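Atoms within a ligand are numbered from 1 in the order they appear, just like the ligands themselves. What you are looking at is a predicted structure, and each value in this text was computed from that prediction instead of being measured.
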Amino acid sequence: MSVCGLGYMAVNVVDMDGWLDIMSSVLGTELLARDEGGIIDIRLDDWHHRLSLYPSDSDSIAVVGWELANEAELEAMVAALRDYGVEVTEGGEALRDERKVTRVYAFIDPASGMPSEVFYGAQSEKLPFISSGGNSGFNTGDLGLGHVVYFVGDYAESHRFYTQVMGFRTSDHIIWDEGEKDATFYHCNPRHHSLAIMPPFGDIPPGTFNHLMLESNSLNDVGRAYDVVLDKKVPVMMGLGKHTNDLTVSFYLVTPSGFGLEYGCNGRRVGDNWRVKSYDAPMLWGHREPED
Ligand SMILES: [Fe+2]
């Protein structure tokens, strides 16, 4: 069995205003305020929400949610996680209602240390998503929310966990900067990758969340979003560019929580006959780090 997509994410956030400005003015998502606690759910497709922001006095990843196709797949995944030695707890009514899913289990991902969940049966909304910014929407559906990238301490064991326990399939590897930087990319649906992992370099600690990627339906939306980011002086992690492996045209902003948010379009799709590839650079062009 295998996870079938990145389902949702939630973040504990100090600077809510900064996040909400990015979510509305840069990405054109729909902001849904809960009745209590200042929590904001974020809608960006037909799901009730795919992102949640929890006001907090420190920034951290609250959860990364992985989708399973149905109840049998979910139960098999929970059994596989427990066989690997992971403590898995079933979410009750409150968590199911919060995530708007049919069934959910929580665990700490042993490879990355990320608070994580597996679930099935997300609630879809009757009314269509309408972008607050007039954008053409996000490419999600069977491709999932997008992708996440983690820095992991034990690269080889993490590869084993994600492929043999969670069922990801390898898309490709990139090794660059004379071997200092190394990344492995994994798919679980036609999106080129829903997950990538890297051993840390420099002073980055293992267990660091590097970035979340969201895919737009339109290059124009990505270009306009980049204009807004530059105009508003939102910190940029990497400027506009195109990746070698997934062929996405994207830029990366730095969220107010310190990790990256990649916004791109025209990502590559993979099929059953995919052959694992390798590359010696992550970008065909661009993706330059801003000068100080
Ligand atoms: Fe990415």
Side-chain angles (χ1 to χ4, degrees), residues 3 5-9 11 22 26-27 44 50-51 61 64-66 109 111-112 114 138-140 143-152 155 158-159 162 168-177 181-201 204 208-219 221-223 225-226 229 234-255 257-270 274 276-290:
V3 298
L6 177 65
Y8 52 76
M9 235 187 94
V11 187
I22 288 168
V26 178
L27 297 176
L44 46 79
R50 291 232 192 215
L51 300 171
I61 302 301
V64 176
W66 296 104
D109 173 343
S112 66
M114 295 295 154
F138 294 85
N139 198 356
T140 55
L143 301 174
L145 172 61
H147 67 238
V148 290
V149 179
Y150 302 151
F151 288 104
V152 296
Y155 200 34
S158 297
H159 175 76
Y162 291 124
F168 286 97
R169 282 142 279 161
T170 305
S171 303
D172 43 48
H173 313 275
I174 309 178
I175 299 175
W176 73 106
D177 282 359
K181 294 170 187 163
D182 189 332
T184 304
F185 298 78
Y186 302 98
H187 60 273
C188 58
N189 60 47
R191 184 184 293 287
H192 173 274
H193 62 285
S194 295
L195 169 71
I197 59 172
M198 299 179 70
F201 58 87
I204 299 168
T208 299
F209 186 94
N210 178 258
H211 72 269
L212 165 70
M213 185 270 193
L214 301 176
E215 183 174 0
S216 171
N217 287 325
S218 159
L219 176 60
D221 288 352
V222 176
Y226 193 50
V229 163
V234 174
V236 171
M237 183 179 277
M238 289 194 284
L240 201 64
K242 182 169 182 172
H243 282 305
T244 49
N245 61 342
D246 71 358
L247 305 177
T248 298
V249 176
S250 64
F251 70 89
Y252 295 63
L253 61 82
V254 182
T255 67
S257 297
F259 63 81
L261 178 69
E262 179 183 10
Y263 186 45
C265 68
N266 296 337
R268 186 180 220 166
R269 306 293 170 241
V270 301
W274 179 257
V276 174
K277 298 170 176 40
S278 64
Y279 299 88
D280 63 359
M283 71 285 279
L284 289 167
W285 53 266
H287 281 154
R288 297 190 178 213
E289 294 176 26

Assess the residue pair F251 and M238 against the criterion (side-chain contact (heavy atoms from CB on, under 4.5 Å)); give the C-alpha distance rounded to whole Å, side-chain angles, the decisive distance to 0.1 Å, and a yes or no.
CA-CA 6 Å; F251 70 89; M238 289 194 284; over 6 Å; no
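In this structure, F259 and F209 have perpendicular ring planes: the angle between them is above 60°, well past the 30° mark.
Checking H243 against the Fe ion (ligand 1), every N/O/S atom stays at or beyond the 2.8 Å cut-off. The distance from the Fe ion (ligand 1) to the nearest N/O/S atom of E262 is under 2.8 Å. Residue contact annotation: H147 places an N/O/S atom under 2.8 Å from the Fe ion (ligand 1).
The residues E215 and R269 are annotated as salt-bridged, a charged nitrogen and a carboxylate oxygen being separated by less than 4.0 angstrom.
The side-chain contact (heavy atoms from CB on, under 4.5 Å) test with H147 is passed by exactly one of T248, L212, D246, L195: D246.
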